[in-house]
Number of protein chains: 2
Amino acid sequence: MDLNSPDTRQMQLQARLSRGQPLNAAHIALEFEVSPDTVRRDLIALERAGQARRVRGGAVPVARPAAPLEERLETEVPPGLVAAALSVIGDAPTLLLDGGTTVLALAEALPPDPGRLVVTPAPRVALACQRRGIEVVLLGGTLSPRGGIATGPGTEDQLTGIAADIAVLGACGLEAEFGLGADDLAEAGVKRVMAQAAVRTMVLTGEGKVGRRARHRVIGCDQFADLVTDAPEARTAAFAAAGVRVHHG
Amino acid sequence: MDLNSPDTRQMQLQARLSRGQPLNAAHIALEFEVSPDTVRRDLIALERAGQARRVRGGAVPVARPAAPLEERLETEVPPGLVAAALSVIGDAPTLLLDGGTTVLALAEALPPDPGRLVVTPAPRVALACQRRGIEVVLLGGTLSPRGGIATGPGTEDQLTGIAADIAVLGACGLEAEFGLGADDLAEAGVKRVMAQAAVRTMVLTGEGKVGRRARHRVIGCDQFADLVTDAPEARTAAFAAAGVRVHHG
DNA sequence: TCGAATCCTGCAATTTCCTGCAAGACACCG
DNA sequence: CGGTGTCTTGCAGGAAATTGCAGGATTCGA
């Protein structure tokens, strides 16, 4: 009475794979009472569908780095940092948000406000805001391989039509003399234009980046008004001396 | 005493399906003392009613509840559909990918090819491709509230500079006379321009959308070359007659 | 390096599917 | 009562999918 078609077999195998279970071809052949060739064909189908990775003698689940970032949000970004950033933002109606885990945590914490507009080159941030019912304008461009924001001359062009209240920039490195830096040249360009497209620029970063000098300069410390960080005051004194309002989260 | 009409048979079969029971056509033919052809016709009726998914040798219950998007990927997009789409795509170096769950499943299954370029207005698709090591150009614009793709005149402008090999479009509705449709006006515009920006356009959609007429027309059936779907051939005959290559997944 | 297991390719046999068609059952109407 | 139309059913013929097998290549382990 058990239906034995390629579809049903493959669905059962897929279920096991999604449970993280490796598949032994010979064993499955016995279990489903089909030849090993048939099992092999099933595994080929699953592999073509991206559901499995074939290895000698069977198949294993494809590595799914699905949610590491989502979870890192809750654990690695201190709640106080996000809260401080929110209070600096206030109810500014138009925000320009950078990418990166820290800014993403901020986006996840934004109050659901249908009257607010978020402009961002980071697809993750865009999705987070959309989930919260906030209107989003996504900036296009070439996705930078690491940081995950759109970059390129086209991206910077799109920003010329934007007039935001606050730009929130993450950091690959932040140092008092050098200023805010990024490790990717294209990213640095976009961040720089973002800062220019906003009335006020805020830098939001964890203490790990403070004092580090990144490869490319985005803007100097005279170009942004606020710094939100959880670094101790001793390491932010230089910024305060340069005229930056420092908020400790 | 047992009334044996198509309706009573189908109601009994539906009851078994809702219990999660797979149906074996040959077995049912013996049980109801009818020919396998009649059972096949019953199963076709159930499939049209959305109560079952036909597989070789019988039918299985259709996946029930609407899970969140991430999980629907694994359960509701049949592996065969994705595999068929992959084979149509071949190794075309430049792809233009739409949004939607089905296209997203395709993106998740793309082979990691550093020489390939994917252009998309869908942030989810962009992230999926980036995870797989594929170069991504993200199209910017206002995020449509439902489908999750960037829309607007700016988005369409960005496409003028694109020359892709294949555009893969999802569907809110697909009907032979009406063509490919979308429920959001802005989305329809972007999809239309996407089709124009590619040498060849392929429509990828599950059977649920076939036969449904959406609110806004994207392109007519003479504007796309390939249709990949898991709908039965009976429901795709009209597309084949219109000159569309139909691939069944 | 050798043996064995596994994999790939093509092929033929079987099963299942699709399509069209004609016969029977039944309701309805003149 | 007879004719007509619709619905359903089974059947035939061809198309398509699936499967197991044979032969040769490849890989793994000793």
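Predicted model, so just to flag it, every value in this text is computed and none were measured. A, B, ... follow the sequence lines: proteins, then strands. Residue 1 opens every chain.
- Judged by closest nucleotide on DNA chain D, B:Asp42 is the one of B:Asp42 and A:Pro36 placed further toward the 5' end.
- Note on B:Thr38: a side-chain N or O is less than 4.0 Å away from OP1 or OP2 of D:dG10.
- Distance CD/A:Gln10 to CZ/A:Arg41: 11.5 Å, rounded to 0.5 Å.
- For the pair B:Leu30 CG and D:dG10 P, the interatomic distance rounds to 12 Å; values are reported in whole Å.
- In this structure, the nucleotide among C:dT6, C:dT16, D:dC21 sitting nearest to the side chain of B:Arg56 is C:dT16.
- When distances are taken from the side chain of B:Arg41 to each of C:dG20, C:dC8, D:dT18, the shortest belongs to C:dG20.
- Considering B:Val137, B:Leu138, B:Val136 in turn, B:Val137 is the only one that fulfils the side chain to side chain contact (heavy atoms under 4.5 Å, CB included) rule with A:Thr142.
- Of the candidates B:Asn24, B:Val55, B:Val60, A:Ser5 forms a side chain to side chain contact (heavy atoms under 4.5 Å, CB included) with just one, namely B:Val55.
- When the side-chain nitrogen and oxygen atoms of B:Arg54 are compared with OP1 and OP2 of C:dC18, one or more of them lie within a distance under 4.0 Å.
- One interatomic measurement links the two molecules: CD1 of B:Ile28 to P of C:dT16, which rounds to 13 Å at whole-angstrom precision.
- Checked against C:dC8, D:dT19, C:dC18, the side chain of A:Arg9 finds its nearest nucleotide in D:dT19.
- Between B:Leu97 and the options B:Leu110, B:Val119, B:Leu104, a side chain to side chain contact (heavy atoms under 4.5 Å, CB included) holds for only B:Leu110.
- For the pair A:Asp37 and B:Asp37, nearest-nucleotide mapping onto DNA chain C gives the more 5' position to A:Asp37.
- With C:dC8, D:dG20, C:dT19 as the candidates, the nucleotide lying closest to the side chain of A:Ile44 is C:dC8.
- Taking atom CD of B:Gln10 as the reference point, atom C1' of D:dT8 lies 11 Å away to the nearest angstrom.
- Across all strands, B:Val39 comes closer than 4.0 Å to no nucleic acid atom at all (heavy-atom distances).
- One atom, NE2 of B:His248, and another, P of D:dA17, lie 9 Å apart when rounded to the nearest Å.
- In this structure, B:Glu33 atom CD and D:dG10 atom C1' are separated by 15 Å, rounded to whole Å.
- Side chain of A:Arg40, nearest nucleotide from C:dC18, C:dC7, D:dG10: C:dC7.
- Of the residues near DNA chain D, A:Ser35 and B:Ser35, the one whose nearest nucleotide (by heavy atom distance) lies more toward the 5' end is B:Ser35.
- Surrounding CG of B:Asp222 are more than 12 heavy atoms belonging to other residues, nucleotides or ligands, all under 6.0 Å away.
- Spacing between atom NE2 of B:His27 and atom P of C:dT16 amounts to 14 Å, rounded to whole angstrom units.
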